[in-house]
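Report on the following structure.
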2 protein chains.
Amino acid sequence: MGRGKCFGQGGWHGKFHGRGYRMTAGREAVINVLSSTKEHLSADEIFIRARKLNPDIGLTTVYRTLERLSIMGEIHRLDPGDKRARFELAESEKGHHHHLVCTKCNRIIDYDDFIDDEVKLLSETEKKLSKKYDFKINNHLIQFYGECKECAE
Amino acid sequence: MGRGKCFGQGGWHGKFHGRGYRMTAGREAVINVLSSTKEHLSADEIFIRARKLNPDIGLTTVYRTLERLSIMGEIHRLDPGDKRARFELAESEKGHHHHLVCTKCNRIIDYDDFIDDEVKLLSETEKKLSKKYDFKINNHLIQFYGECKECAE
DNA sequence: TTGTTAATGAAATTCATTTTCAATAAGGAG
DNA sequence: CTCCTTATTGAAAATGAATTTCATTAACAA
Ligand SMILES: [Mn+2]
Ligand SMILES: [Mn+2]
Ligand SMILES: [Zn+2]
Ligand SMILES: [Zn+2]
């Protein structure tokens with residue numbers, strides 16, 4: 001009772017449980033933070049927001065939860081030029097998208113325009129590269145770097 | 001006299017000088033290390049090799065030189081999942097290429113096969129994105145993540 | 001309800017990178 | 001070549017994101 005959405009069987013609880021992990025209040029808080037934003041948050045930004053949902057959570061738990069979710073493939077870890085990693089839910093309403101990264105302010109802008117052509121070309125390329133280099137490709141990253149509107153001189 | 005190749009006017013010396021910087025033994029060592037490898041080295045790996053060319057060089061100078069070269073656009077900084085940044089000369093014999101990154105051993109493999117189609121698509125996409133998001137694109141990054149031959153289970 | 005053990009928070013630690021600061025040397029002027 | 005300005009340097013200290021340690025807590029299967 002009083003349980004948030006999607007934390008029952010088949011939802012997040014199930015995802016953890018299925019792999020022998022446990023659903024805890026800390027993990028629920030982190031997931032709720034990630035679920036309720038379109039931003040690309042760093043660990044400590046997630047910590048600050050998660051603490052509002054669960055004042056007892058520690059930063060360590062945030063790092064550990066992010067690590068676990070990353071291994072589970074449920075979140076994407078981004079390493080912009082800026083030194084701190086940033087995270088976003090893999091299966092958000094946003095769907096498959098790529099990024100524009102501002103090298104001035106480190107803002108990350110999602111885009112999914114023109115993505116179909118990109119993804120199509122990429123999957124062909126993946127196939128060729130896999131064969132030629134005997135490399136098992138699991139994922140790809142495309143980012144454009146430059147200056148965002150706000151940072152234009 | 002006794003000066004290595006390409007450190008005279010119009011070469012590296014000129015590149016620094018033109019921007020009001022000075023050519024020094026430390027910088028020459030770092031550049032020579034980068035020029036003589038196809039690997040993607042980290043700062044401390046560069047330091048170890050540079051010390052063989054110039055035993056007096058300090059790690060701090062390596063970092064500072066890499067920062068300067070990066071600003072000058074003469075090297076590319078790569079941030080693989082692994083926490084240390086890696087570097088490669090922008091204008092090497094390797095030419096424009098993209099990367100396969102092994103998520104097990106962090107090895108980085110260059111490829112330039114099939115690159116023409118990629119670059120062509122990317123430049124079209126860049127044009128459209130630039131306009132739509134009012135974003136000035138200077139550079140792009142494409143990486144495929146997976147498991148290299150040596151790490152295959 | 002109980003037992004097993006995954007998960008936690010706080011504090012300590014790691015480690016790449018940056019900053020500080022006094023000493024050095026690149027290179028233009030004379 | 002010599003002198004001078006100041007960019008550059010190395011060593012040591014500082015920073016800061018991320019990880020590890022360890023004693024305590026709580027998830028959840030039985
Ligand atoms: Mn995104
Ligand atoms: Mn490369
Ligand atoms: Zn910006
Ligand atoms: Zn590998």
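Keep in mind that the numbers below use all heavy atoms, side chains included, and drop hydrogens, waters and symmetry copies. Naming: A, B, ... by sequence-line order, numbering from 1 per chain.
- Considering only side-chain atoms of B/Y21, the nucleotide from D/dT8, C/dT8, C/dT17 that sits closest is D/dT8.
- The interatomic distance linking A/D79 (CG) with C/dT17 (C1') rounds to 15 Å, in whole Å.
- With C/dT18, D/dA18, C/dC21 as the choices, the nucleotide that has an atom nearest any side-chain atom of B/Y63 turns out to be C/dT18.
- When the P atom of C/dA7 is taken as reference, atom CE of A/M72 falls 10 Å away, rounded to whole Å.
- Side-chain proximity of A/A43 to the nucleotides C/dA10, D/dA18, C/dA7 is greatest for D/dA18.
- At a threshold of 4.0 Å, the pair A/E67-A/R77 counts as salt-bridged, since one of the basic side-chain nitrogens sits closer than that to a carboxylate oxygen.
- Listed candidates were D/dT5, D/dA18, D/dC28. Nearest to the side chain of B/R22 is D/dT5.
- A cation-pi arrangement is absent between B/R19 and B/F16, since the terminal nitrogen or guanidinium carbon is not both under 6.0 Å from the aromatic centre and inside a 45° cone about the axis.
- For the pair B/N54 CG and C/dA26 P, the computed distance is 11 Å after rounding to whole Å.
- Neither OP1 nor OP2 of C/dA26 sits under 4.0 Å from any side-chain N or O of B/H13.
- Residue contacts for A/I57: at a heavy-atom cut-off of 4.0 Å it reaches the sugar-phosphate backbone alone, with no base atom in range.
- Comparing B/K83 and B/T60 along DNA chain C, the residue whose closest nucleotide (by nearest heavy atom) sits nearer the 5' end is B/K83.
- Distances were taken from every side-chain heavy atom of B/R84 (C-beta onward) to each of D/dC28, D/dA29, C/dA16; the shortest belongs to C/dA16.
- Atom-to-atom, CE of B/M23 to C1' of C/dG28 comes out at 17 Å; the value is rounded to the nearest Å.
- Rounded to an integer number of Å, the gap from CG of B/L59 to P of D/dA13 is 16 Å.
- Classified by interplanar angle (parallel below 30°, tilted 30° to 60°, perpendicular above 60°), the ring pair B/F144/B/Y111 is tilted.
- No salt bridge links A/R68 with A/E74; every basic N to acidic carboxylate O contact stays at or beyond 4.0 Å.
- Look at CG on B/L66: it is 14 Å from P on C/dA16, rounded to the nearest Å.
- With respect to the salt-bridge test (charged N to carboxylate O, under 4.0 angstrom), the residues A/E147 and A/R107 do not qualify.
- Candidate nucleotides D/dT9, D/dA18, D/dC22 were compared by shortest atom distance to the side chain of B/R64, and D/dT9 ranks first.
- Note on B/D56: only backbone sugar-phosphate atoms sit closer than 4.0 angstrom, heavy atoms only; bases stay farther off.
- Distances shown here put a side-chain N or O of B/H17 below 4.0 Å from the OP1 or OP2 atom of C/dG28.
- Across all strands, B/R68 comes closer than 4.0 Å only to sugar-phosphate atoms, never to a base (heavy-atom distances).
- For B/I46 and C/dT17, the CD1 to C1' distance is 14 Å, given to the nearest whole Å.
- When rounded to the nearest whole Å, the span between CD of B/E28 and P of D/dT8 equals 15 Å.
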